[in-house]
Amino acid sequence: MNILVIGGSGFIGTRLVDELLVAGHKVSIYDLNISHKYPDLTIIGDVRSYEPLKEATYGIDIIYNLAAEHRDDVTPLTLYHEVNVQGTENVIFAAVANSIKHIIFTSTVAIYGLDKNCPDESFPAEPFNEYGRTKWDAEKLYQKWAKEDDRRSLGIVRPAVVFGEGNRGNVYNLIAQINSGRFIMIGNGNNRKSMGYVGNIAYFLAELIDKKGIQIFNYCDKPDLTSIEIARLISENLGKKLPRLKLPLWFGLLAGTLLDTLAKISGKKFPISAIRIRKFAAETTISTARLTQTDYSSKFTLHEGISRMIASDFE
């Protein structure tokens with residue numbers, strides 16, 4: 001198969017390209033940045049620009065779209081729409097122009113909202129931020145494209161928090177705080193979190209090539225852990241002791257709001273914000289019943305994934 005991975009230079013994209021190449025596919029990467037691992041496969045391009053994307057998709061059998069504006073502190077907010085929605089429109093236009101019948105898209109569990117008690121794929125979308133809203137808008141566009149022609153196949157994966165070696169997201173920040181001794185638990189820590197290790201989700205994305213029709217999957221690695229269990233697992237791998245001090249959620253949200261205000265005034269971005277504290281203290285679990293009905297089997301456990309990340313990034 002000739003495969004184009006849009007966003008293939010990123011955290012998940014690089015691991016996905018690894019899997020596709022091992023499987024014997026011919027792979028190209030379309031990204032704003034040259035892949036540090038696969039520079040010879042990279043086409044420099046922006047998903048917001050249609051003509052270069054149309055050219056890059058010529059002769060392609062399958063498109064993976066991993067490109068996204070996803071950080072919590074994106075400014076201006078219009079970037080979410082430009083990348084996640086207008087970028088999706090360009091991918092679809094390019095697919096139609098080049099008669100491509102198969103697209104695989106990474107969405108997000110953020111479309112469900114917070115504290116939704118383990119939603120499955122049929123759960124109504126109630127996004128709580130612009131990232132989730134624009135990802136849901138993108139999903140609707142892809143589903144419309146797929147339904148217009150019975151020969152088209154669409155895979156949509158809604159990952160929970162993805163972590164792993166080289167990632168600098170919320171899990172990395174949590175590990176760094178525990179490693180430095182500055183971590184303080186916000187809330188009681190009993191809220192459960194769904195998470196996915198990058199090596200597992202990349203493998204699953206590569207497996208989706210063989211699935212036809214419209215396929216939608218939540219993705220995380222079970223079992224879900226509580227926030228305090230995650231913190232303890234990290235501290236054990238680091239050889240650190242967790243502080244016993246816990247702050248009430250209201251106090252953490254107040255501190256986050258103050259830092260948000262300071263960030264607007266100073267132009268400086270802080271690792272702690274009100275939305276990050278809210279997400280950390282929320283119950284964010286998803287159902288993977290549909291995933292377990294497939295023949296997919298993960299390569300690593302959550303414990304192994306965290307251990308591998310710490311060994312790589314915090315040795």
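Ring pair F217/F204 is perpendicular by interplanar angle, where above 60° counts as perpendicular and below 30° as parallel.
When all heavy atoms are compared, the tightest approach of V198 to G164 is CG1-CA, 3.8 Å. Closest approach of R158 and W136 over heavy atoms only: NH2-CZ3, 3.7 Å. Of all non-hydrogen atoms in I234 and I310, the two that sit nearest each other are O-CD1, 3.9 Å. The heavy-atom pair separating L253 from A274 by the smallest distance is CD2-O, 3.7 Å. Among all heavy-atom pairs drawn from Y64 and A206, the shortest one is OH-CA, 3.5 Å. In plain terms, the two heavy atoms of P39 and H36 that are nearest each other are CD-O, 4.1 Å.
Looking only at distances, a side-chain donor or acceptor of D61 sits under 3.5 Å from a matching main-chain atom of N2. No donor-acceptor pair under 3.5 Å is formed between the side chain of T14 and the backbone N or O of F11. Of the possible polar contacts, one joining the N191 side chain to the A282 backbone as a donor-acceptor pair under 3.5 Å is found. Not one N or O on the side chain of N65 forms a donor-acceptor pair closer than 3.5 Å with the backbone of F105. Checked by atom type and distance alone, the side chain of N167 never pairs as donor or acceptor with a backbone atom of Y172 at under 3.5 Å. E121 contributes a side-chain N or O that, together with a main-chain N or O of N218, makes up a donor-acceptor pair within less than 3.5 Å. S312 places no side-chain N or O within 3.5 Å of a backbone atom of R308 that could act as its donor or acceptor partner. Checked by atom type and distance alone, the side chain of S107 never pairs as donor or acceptor with a backbone atom of I156 at under 3.5 Å. Between the Q177 side chain and the R182 main chain, no donor and acceptor come within less than 3.5 Å of each other. The backbone N or O of N179 lies less than 3.5 Å from a partner atom in the side chain of K240, making a donor-acceptor pair.
Among L32, I44, D31, I34, the one residue that satisfies the side chain to side chain contact (heavy atoms under 4.5 Å, CB included) test with S9 is D31. Screening N200, T288, T301 for a side chain to side chain donor-acceptor pair (under 3.5 Å) involving D221 leaves a single residue, N200.
With respect to E165 and R15, a salt bridge is recorded, a charged nitrogen being found less than 4.0 Å from a carboxylate O. Taking 4.0 Å as the cut-off between side-chain N and carboxylate O, E19 and K299 count as a salt-bridged pair. Look at R133 and E130 and you find a salt bridge, because one of the NZ, NE, NH1 or NH2 atoms lies within 4.0 Å of a carboxylate O, short of that distance. Look at D150 and R152 and you find no salt bridge, because none of the NZ, NE, NH1 or NH2 atoms lies under 4.0 Å from a carboxylate O.
Using a 4.5 Å cut-off on side-chain heavy atoms (C-beta onward), I62 and H25 make no contact. V17 is not listed as a side-chain neighbour of K37, based on a closest heavy-atom distance of 4.5 Å or more. A 4.5 Å side-chain heavy-atom check between I228 and R232 finds at least one atom pair inside the cut-off. Side-chain atoms of V5 and L16, non-hydrogen and from C-beta on, do get closer than 4.5 Å to each other. L20 has its side chain within reach of I209: a pair of non-hydrogen atoms, C-beta onward, lies under 4.5 Å apart. Annotation: side chain of Y38 is in contact with side chain of L21 (closest heavy-atom distance under 4.5 Å). Taking the side chain as every heavy atom from C-beta outward, D120 and R290 never approach each other to under 4.5 Å. I12 is listed as a side-chain neighbour of L205, based on a closest heavy-atom distance under 4.5 Å.
In this structure, the side chain to side chain contact (heavy atoms under 4.5 Å, CB included) partners of P119, at least two apart in sequence or on a different chain, are Y112, K116, F123, I286. Remark: K140 engages D137 in a salt bridge (charged side-chain N to carboxylate O under 4.0 Å, His left out) (not counting sequence neighbours). Under the rule for a ring-ring contact (aromatic ring centres under 6.0 Å, His included), the partners of Y197 that lie at least two apart in sequence or sit in another chain are F163, F300.
Looking only at atom types and distance, the side chain of T284 has a donor-acceptor partner in the side chain of K193 under 3.5 Å away. With hydrogens and angles left out, the side-chain atoms of T57 and N98 include a donor and acceptor closer than 3.5 Å. For N190 and T226, the side-chain atoms include no donor-acceptor pair closer than 3.5 Å.
Residue N117 qualifies as open at atom CG: its count of foreign heavy atoms under 6.0 Å is 12 or below. Atom NZ of K26 has 12 or fewer neighbouring heavy atoms from other residues, nucleotides or ligands inside a 6.0 Å radius. For E55, the CD atom is loosely surrounded, since the number of other residues' heavy atoms within 6.0 Å does not exceed 12. In this structure, R244 places its CZ atom where only 12 or fewer heavy-atom neighbours from other residues, nucleotides or ligands lie under 6.0 Å away.
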CA sep, side-chain torsions, deciding dist, call: E139, K135, salt bridge (charged side-chain N to carboxylate O under 4.0 Å, His left out): CA-CA 6 Å; E139 278 198 30; K135 278 290 197 175; over 6 Å; no
